[in-house]
Q: 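Structure provided below as structure tokens; questions to follow.
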There are 2 protein chains.
Amino acid sequence: MARAQTLSRNQQIVLDIIEKAKGPLKAYSILFNVQKKGINAPQQIYRALDKLIEMGKIHKIESKNAFVACRSSDCEISKATAFSICESCEMVDEISDAKLSKYLSSFNHKKGMKFKRFNLEFFGLCKKCK
Amino acid sequence: MARAQTLSRNQQIVLDIIEKAKGPLKAYSILFNVQKKGINAPQQIYRALDKLIEMGKIHKIESKNAFVACRSSDCEISKATAFSICESCEMVDEISDAKLSKYLSSFNHKKGMKFKRFNLEFFGLCKKCK
DNA sequence: ATAACAAACGTTATATTATAACACTATGAT
DNA sequence: ATCATAGTGTTATAATATAACGTTTGTTAT
Ligand SMILES: [Zn+2]
Ligand SMILES: [Zn+2]
Ligand SMILES: [Zn+2]
Ligand SMILES: [Zn+2]
């Protein structure tokens with residue numbers, strides 16, 4: 001058994017920063033922010049990010065190569081993620097909508113492929129920006 | 001008026017390659033494939049890719065940093081794109097499903113954001129791979 | 001406790017993806 | 001003709017991500 005819920009030192013440092021952030025963070029911006037804590041190399045960041053994603057603690061916003069903390073419970077270890085992204089201020093909000101999630105989780109492609117996971121990114125202008 | 005439908009030389013070369021390909025192509029793999037035609041620099045590829053995306057001729061698969069030709073008509077200049085992606089063989093298939101597209105296009109977030117565009121990526125194993 | 005294993009770590013180097021900046025050319029509109 | 005827009009070619013560099021290696025730490029089983 002792995003130590004399923006305990007985070008390692010580096011994982012905790014990286015998660016803390018992502019959770020405190022107002023918006024999505026990029027890997028190298030995380031790196032620059034933790035150099036005072038003795039983390040010096042991209043590898044250390046990317047390894048922590050990979051594990052945190054596996055655990056469902058964070059998600060990657062693919063269209064931005066950036067990372068946000070999970071604020072939802074619908075996404076069940078990143079099998080079903082949806083985000084709303086402002087094209088002006090870069091704000092990202094995790095969408096937690098049971099109906100949407102159910103609809104997409106049960107969506108079946110004509111060509112017979114059974115899906116294990118999806119990621120949906122909506123783009124527009126947020127309240128502030130429109 | 002711009003020459004809305006005519007492709008430039010480089011755009012045509014890049015589009016041809018993407019259309020002929022069986023699966024998604026990466027920018028640098030396109031580059032290596034067109035060096036015999038006198039295209040030598042990443043910029044030339046990325047510029048063509050950007051325009052082709054704008055025109056709706058191709059799409060970017062964000063989770064793979066790769067590009068596919070548009071095979072749909074539902075996506076109306078890339079405002080509403082959906083893909084099915086095999087995690088084993090990397091096959092990508094554009095999903096053209098009017099109901100899905102309508103459902104998502106009219107989806108409204110609780111927090112009052114009006115969406116202009118979405119991109120949905122499903123992951124699983126294709127027929128061959130499962 | 002200790003051996004064995006898995007996970008995490010630190011480090012150096014390198015690969016991959018993407019953009020900046022600048023000078024030049026072609027095209028179409030007024 | 002002149003002006004604006006789009007496209008080109010080129011060099012350089014930025015930003016994102018992984019490979020490979022040996023070491024250390026934590027967990028489990030005996
Ligand atoms: Zn989540
Ligand atoms: Zn905004
Ligand atoms: Zn399309
Ligand atoms: Zn497959």
Side-chain angles (χ1 to χ4, degrees), chain A residues 1-18 21 23-68 90 92 119 121, chain B residues 1-18 21 23-68 77 87 90 92 119 121:
Chain A
M1 263 294 242
R3 25 174 194 172
Q5 42 277 54
T6 337
L7 297 181
S8 75
R9 176 184 144 81
N10 288 1
Q11 287 160 12
Q12 190 63 61
I13 290 171
V14 170
L15 179 58
D16 283 348
I17 294 216
I18 297 176
L25 291 184
K26 305 214 148 207
Y28 276 77
S29 116
I30 295 169
L31 176 57
F32 298 141
N33 277 284
V34 297
Q35 292 192 319
K36 45 189 174 257
K37 304 213 172 173
I39 297 183
N40 305 299
Q43 265 292 6
Q44 298 173 280
I45 303 299
Y46 282 104
R47 281 198 289 231
L49 290 171
D50 286 348
K51 289 300 174 183
L52 291 168
I53 288 170
E54 252 180 63
M55 296 175 194
K57 303 275 189 191
I58 65 169
H59 303 299
K60 181 174 187 181
I61 307 300
E62 295 288 358
S63 60
K64 301 177 83 64
N65 300 317
F67 304 84
V68 294
E90 314 265 287
V92 169
N119 179 54
E121 300 183 1
Chain B
M1 262 298 241
R3 22 175 195 174
Q5 42 275 57
T6 337
L7 297 181
S8 76
R9 176 183 144 81
N10 288 1
Q11 288 160 11
Q12 190 64 60
I13 290 172
V14 170
L15 180 58
D16 284 349
I17 295 215
I18 296 175
L25 291 184
K26 304 213 150 210
Y28 276 76
S29 116
I30 295 169
L31 176 57
F32 298 139
N33 278 284
V34 297
Q35 292 192 319
K36 45 190 174 262
K37 304 214 170 168
I39 297 182
N40 304 299
Q43 266 292 7
Q44 296 172 283
I45 303 298
Y46 281 104
R47 282 198 287 231
L49 290 171
D50 286 348
K51 290 298 174 185
L52 291 168
I53 288 170
E54 254 180 61
M55 295 175 195
K57 303 276 188 191
I58 65 171
H59 303 298
K60 182 172 186 181
I61 308 299
E62 295 287 358
S63 60
K64 302 175 84 65
N65 299 317
F67 304 85
V68 294
I77 319 268
E87 285 176 313
E90 315 266 285
V92 169
N119 179 54
E121 300 183 2

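Here is the naming used below: chain letters follow the sequence lines, and residue numbers restart at 1 for every chain.
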Q: Considering just the side-chain nitrogens and oxygens of Ser8(A), establish if one lies under 4.0 Å of OP1 or OP2 belonging to dT25(D).
A: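 The answer is no; no side-chain N or O of Ser8(A) sits under 4.0 Å from OP1 or OP2.
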Q: What pairs with Ser29(B) under side-chain hydrogen bond (donor to acceptor under 3.5 Å, both in side chains), at least two apart in sequence or on another chain?
A: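 Testing Ser29(B) for side-chain hydrogen bond (donor to acceptor under 3.5 Å, both in side chains), a comparison that skips the adjacent residues, returns none.
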Q: Show me the donor-acceptor pairs within less than 3.5 Å that the side chains of residues 34-45 of chain B make with the rest of the protein, sequence neighbours left out.
A:
{"from": "Lys36(B)", "atom 1": "NZ", "to": "Asn33(B)", "atom 2": "O", "distance (Å)": "3.3"}
{"from": "Asn40(B)", "atom 1": "ND2", "to": "Gly38(B)", "atom 2": "O", "distance (Å)": "3.3"}
{"from": "Gln44(B)", "atom 1": "OE1", "to": "Asn40(B)", "atom 2": "N", "distance (Å)": "3.0"}
{"from": "Gln44(B)", "atom 1": "OE1", "to": "Ala41(B)", "atom 2": "N", "distance (Å)": "3.0"}

Q: Within the structure, does a side-chain N or O atom of Lys26(A) lie under 4.0 Å from either OP1 or OP2 of dA15(D)?
A: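 No.
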Q: All N/O contacts under 3.5 Å from nucleotides 21-24 of chain D to the protein, with atom names and distances to one decimal?
A:
none

Q: May I have the distance from Ile45(A) (atom CD1) to dA8(C) (atom P), rounded to whole angstrom?
A: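 Spelled out: CD1 on Ile45(A) to P on dA8(C) is 15 Å.
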Q: Side-chain N or O of Gln11(B) less than 4.0 angstrom from OP1 or OP2 on dG7(D)?
A: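 So the side chain of Gln11(B) is within the cut-off, an N or O lying under 4.0 Å from OP1 or OP2 of dG7(D).
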Q: For the helix from dA1(C)-dT30(D) to dT30(C)-dA1(D), what angle lies between the axis at the first five pairs and the axis at the last five pairs, to 10 degrees?
A: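 Answer for the end axes of this duplex: 40°.
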Q: Would a 4.5 Å heavy-atom cut-off, applied to side chains only, mark Asn10(B) and Arg47(B) as touching?
A: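 The answer is no, as the side chains (C-beta and beyond) never meet within the 4.5 Å cut-off.
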Q: Do any pairs count as a ring-ring contact (aromatic ring centres under 6.0 Å, His included) and have a residue in residues 47-67 of chain B, sequence neighbours left out, and if so which ones?
A: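 Of all non-adjacent pairs touching residues 47-67 of chain B, those that pass ring-ring contact (aromatic ring centres under 6.0 Å, His included) are His59(B)-Phe83(B).
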Q: Would you kindly give the CD1-to-C1' distance between Ile53(B) and dA18(C), to the nearest whole Å?
A: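 So the CD1-C1' distance, Ile53(B) to dA18(C), works out to 12 Å.
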Q: Can you measure Leu25(A) atom CG to dA15(D) atom P for me and round it to whole angstrom units?
A: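 In whole Å, dA15(D) P and Leu25(A) CG are 16 Å from each other.
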Q: Only counting residues at least two apart or in another chain, list the ones meeting salt bridge (Lys or Arg N to Asp or Glu O under 4.0 Å) with Glu87(B).
A: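 Lys116(A), Arg117(A).
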Q: Who are the side-chain hydrogen bond (donor to acceptor under 3.5 Å, both in side chains) partners of Glu54(B), not counting sequence neighbours?
A: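 Glu54(B) satisfies side-chain hydrogen bond (donor to acceptor under 3.5 Å, both in side chains) with no other residue.
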Q: Would you indicate, yes or no, if dG10(C) has its OP1 or OP2 atom less than 4.0 angstrom from a side-chain nitrogen or oxygen of Gln44(A)?
A: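 Checking Gln44(A) against dG10(C): at least one side-chain N or O falls below 4.0 Å of OP1 or OP2.
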Q: Can you measure Glu54(A) atom CD to dA6(C) atom C1' for me and round it to whole angstrom units?
A: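 It works out to 14 Å between those atoms.
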Q: Taking only residues two or more places apart in sequence or in another chain, which ones pass side-chain hydrogen bond (donor to acceptor under 3.5 Å, both in side chains) with Lys60(B)?
A: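 side-chain hydrogen bond (donor to acceptor under 3.5 Å, both in side chains) check on Lys60(B) returns nothing, list empty.
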Q: Only pairs at least two apart or in different chains count here, so list each ring-ring contact (aromatic ring centres under 6.0 Å, His included) that has a residue in residues 31-53 of chain B.
A: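 Every pair satisfying ring-ring contact (aromatic ring centres under 6.0 Å, His included) with a residue in residues 31-53 of chain B: there are none.
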Q: Roughly, in whole Å, what's the span from CZ in Arg9(A) to C1' in dG26(D)?
A: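 In whole Å, dG26(D) C1' lies 16 Å from Arg9(A) CZ.
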Q: Between the protein and nucleotides 17-19 of chain D, are there any N/O to N/O pairs under 3.5 Å, and if so, what are the atom names and distances?
A:
{"from": "dA17(D)", "atom 1": "OP1", "to": "Lys60(A)", "atom 2": "NZ", "distance (Å)": "2.7"}
{"from": "dA17(D)", "atom 1": "OP1", "to": "Asn65(A)", "atom 2": "OD1", "distance (Å)": "3.4"}
{"from": "dA17(D)", "atom 1": "OP2", "to": "Tyr46(A)", "atom 2": "OH", "distance (Å)": "3.0"}
{"from": "dA17(D)", "atom 1": "N7", "to": "Tyr28(A)", "atom 2": "OH", "distance (Å)": "2.8"}
{"from": "dA17(D)", "atom 1": "N6", "to": "Tyr28(A)", "atom 2": "OH", "distance (Å)": "3.2"}
{"from": "dA19(D)", "atom 1": "N7", "to": "Gln43(A)", "atom 2": "NE2", "distance (Å)": "2.5"}
{"from": "dA19(D)", "atom 1": "N6", "to": "Gln43(A)", "atom 2": "NE2", "distance (Å)": "3.0"}

Q: List the residues meeting side-chain hydrogen bond (donor to acceptor under 3.5 Å, both in side chains) with Lys51(A), not counting sequence neighbours, and say none if there are none.
A: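 None.
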Q: Please state how far atom CD in Glu62(B) lies from atom C1' in dT17(C), giving the value in whole angstrom units.
A: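 Between C1' of dT17(C) and CD of Glu62(B): 12 Å.
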Q: Expressed as a whole number of angstroms, how long is the span from Ile30(B):CD1 to dT16(C):C1'?
A: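 Taking CD1 of Ile30(B) and C1' of dT16(C), I get 14 Å after rounding.
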Q: Are Lys51(B) and dG7(D) close enough that a side-chain N or O sits under 4.0 Å from OP1 or OP2?
A: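 So the side-chain polar atoms of Lys51(B) do come within 4.0 Å of the phosphate oxygens OP1 or OP2 of dG7(D), strictly under.
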Q: Ignoring backbone atoms, establish whether Asn10(B) has a side-chain N or O less than 4.0 Å from OP1 or OP2 of dG7(D).
A: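 For dG7(D), OP1/OP2 do not have a side-chain N/O of Asn10(B) under 4.0 Å.
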Q: If you define the side chain from C-beta out and look only at heavy atoms, does anything of Val92(A) sit under 4.5 Å from Lys64(A)?
A: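 When only atoms from C-beta onward are counted, Lys64(A) and Val92(A) do touch, with a gap below 4.5 Å.
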Q: Whole Å only: how far is the NZ atom of Lys64(A) from the P atom of dA15(D)?
A: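 Rounded to the whole Å, the gap is 16 Å.
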Q: Is it the case that the side chain of Glu121(B) and the backbone of Glu62(B) share a donor-acceptor pair, with hydrogens and angles ignored and the cut-off at 3.5 Å?
A: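 Side chain of Glu121(B) to backbone of Glu62(B), a donor-acceptor pair under 3.5 Å: yes, one is there.
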Q: Is the distance from OP1 or OP2 of dG9(D) to the nearest side-chain N or O of Asn40(B) less than 4.0 Å?
A: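 For dG9(D), neither OP1 nor OP2 has a side-chain N or O of Asn40(B) closer than 4.0 Å.
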